[in-house]
Amino acid sequence: QVQLVESGGGLVQPGGSLRLSCAASGSMFSIYAMAWYRLGPGKQRELVAAVTGGGSTTYADSVKGRFIISRDNAKSMVYLQMNSLKPEDTAVYYCNANYAVWGQGTLVTVSS
């Protein structure tokens, strides 16, 4: 059973950047589809970005051109580089493996 641990959240000013990291356990990481979701205040959970085992990526329209998802199969890590952050990006961000396993979440707050 894969386990996920996120890190890298925090408080950032509008226009700033953060990089989230997700460390995965388990030997099958390289074939997992990995994704980042977020749950903002008063909002429904949203798929932010996903990357397949082969490296194909998908992004929510709201983050296209600002966020980049990447993975390092050798380290069993997945990352979310978030640039040009906006207050509406404020949310708890969750790492997900194979659309089935969730991390505990990391809070990102964008505020001046």
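Counting from 1, the numbers follow the sequence of the chain as shown.
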Side-chain (Q104) to main-chain (V5) donor-acceptor, under 3.5 angstrom: no

L107 side, atom CG; L11 side, atom CG - distance, nearest 0.5 Å: 9.0 Å

Shared hydrophobic cluster, V78 / V108 (ILVMFWY, side-chain heavy atoms < 4.5 Å): yes

Cluster overlap Y37 with M82, hydrophobic side-chain contacts below 4.5 Å: no

OH on Y93 to CD on E46, rounded to 0.5 Å: 8.0 Å

Heavy-atom donor-acceptor pair, Y32 side chain to N96 backbone, under 3.5 Å: no

Flag side-chain contact, heavy atom, 4.5 Å: S76 against S25: no

Same apolar cluster (I L V M F W Y, side chains within < 4.5 Å links), F29/V2: yes

Minimal non-hydrogen separation, Y59 against A49, with atom names: CD2-CB, 3.6 Å

Derivation of the side chain to side chain contact (heavy atoms under 4.5 Å, CB included) call for L4 and V101: CA-CA 8 Å; L4 306 172; V101 181; 4.3 Å; yes

Backbone of S112 reached by a side-chain donor or acceptor of Q13 within 3.5 Å: no

I31 reachable from I69 in the ILVMFWY side-chain graph, under 4.5 Å edges: yes

From M77 atom CE to C95 atom SG, the distance as rounded to the nearest 0.5 Å: 9.0 Å

From N98 atom CG to M34 atom CE, the distance as rounded to the nearest 0.5 Å: 8.5 Å

Steps toward side chain to side chain contact (heavy atoms under 4.5 Å, CB included) verdict (R71, N73): CA-CA 6 Å; R71 66 190 297 160; N73 288 338; 2.9 Å; yes

Check ion pair D61-K64 (N to O, under 4.0 angstrom): yes

Inter-residue atom distance S84.OG - R66.CZ, 0.5 Å rounding: 7.0 Å

side-chain contact (heavy atoms from CB on, under 4.5 Å) partner of R38, the single match among V63, T106, L20, L80: V63

Any donor-acceptor N/O pair, Q81 side chain to I68 backbone, under 3.5 Å: no

Cluster link F67 to W36, ILVMFWY, side chain under 4.5 Å: yes

Over all atoms of both residues, closest heavy-atom pair of Y99 and A50: OH-CB, 4.0 Å

Shortest non-hydrogen contact from G105 toward V92: CA-CG1, 3.9 Å

Smallest separation among heavy atoms of P14 and S111, with atom names: CD-C, 3.6 Å

Candidate pair E88 and S62, rule side-chain hydrogen bond (donor to acceptor under 3.5 Å, both in side chains), full reasoning: CA-CA 10 Å; E88 52 263 43; S62 58; over 6 Å; no

Atom of T90, atom of V110 and distance for their closest heavy-atom approach: OG1-N, 2.9 Å

